[in-house]
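In what follows, a single structure is set out as structure tokens and then discussed.
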Amino acid sequence: MSTFTTPAILLRRNDFGDYDLIITFLSLSRGKISVIAKSAKKSTKRFSGVLELFSAMEIVCREPRSKGLPVLEEAALRHPFAGIRADINKTAYASYWAELVQGWIEENEKQVGLYRLLEYVLKQLDGGMVPEAALSVLFQMRFMRWCGFSPNLTNCSACRADISQTLKNDLAVDISKGGILCDHCAAGAPLRMVLSKGTIKQLIWAESGNIAKAGRIRFTPQALREGQLFLEEFVPFHLGKKPRSLSFLKQLRR
Ligand SMILES: [Zn+2]
């Protein structure tokens, strides 16, 4: 019977009957996968307690005989990221990112870049050296690009005009059109939200180049505030559903 081995990050656990768990991982070699962990619910000893949310591990799974899910045979911890689970704010951020991956990524499609992105933000969140809001801006910008829904931050989202020549510092945003508006198109539109030019520049940096470099961006407090407000409306709108964990995150901030 064939097995496969891969690094994987635990996104979600669900009870399955009285004894088993169904676990969703983002894996390095197969993308998002759901597997069944037999007796994991009944006995934490079965997997030595490593099957915790957001932990990174090396898993060994047996392919299903015909239909059904692969069966988890072994799980060896690589990074417990225990600092996340010990802190409610960090847990809320990680839950939001995990829910985005869980809800909007197809199963069984290898996504190495996405795996590296999630691993990176979880590691930084656990380490506590980078502000949580900065990691979340970084994750959302790069996740949306991964999904093919990058916000439009260089041209007017209505008439496509280049906005680099505009003299205004604050640009109006139309979430439903996908990003910023030029002065002409913004005139008359209800101004609900703006992004300053400085924020736009930092959001574009966050989305491009290599992750370790983007992770060193020092966002200004204004860019963090504006970027977070913008992305937490933009992401649910363009994915078509509001993540439950995002509501929880917003509640915590109040
Ligand atoms: Zn325009």
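The shown structure was predicted, so the numbers you read here are calculated from the model rather than taken from an experiment. Atoms within each ligand, like the ligands themselves, are counted from 1 in listed order.
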Metal-centred angle, SG of Cys182 through the Zn ion (ligand 1) to SG of Cys156, rounded to 10 degrees: 110°

Leu153-Phe237 co-clustered via ILVMFWY side chain contacts under 4.5 Å: yes

Within 6.0 Å of CZ in Phe16, more than 12 heavy atoms from elsewhere: no

Crowding at CD, Glu106 (>12 non-hydrogen neighbours, <6.0 Å): no

Residue that, paired with Glu73, satisfies salt bridge (charged side-chain N to carboxylate O under 4.0 Å, His left out) out of Lys38, Arg46, Arg62: Arg62

His184 N/O/S atom closer than 2.8 Å to the Zn ion (ligand 1): no

Where the Zn ion (ligand 1) is the vertex, angle from Cys159 SG to Cys185 SG to 10°: 110°

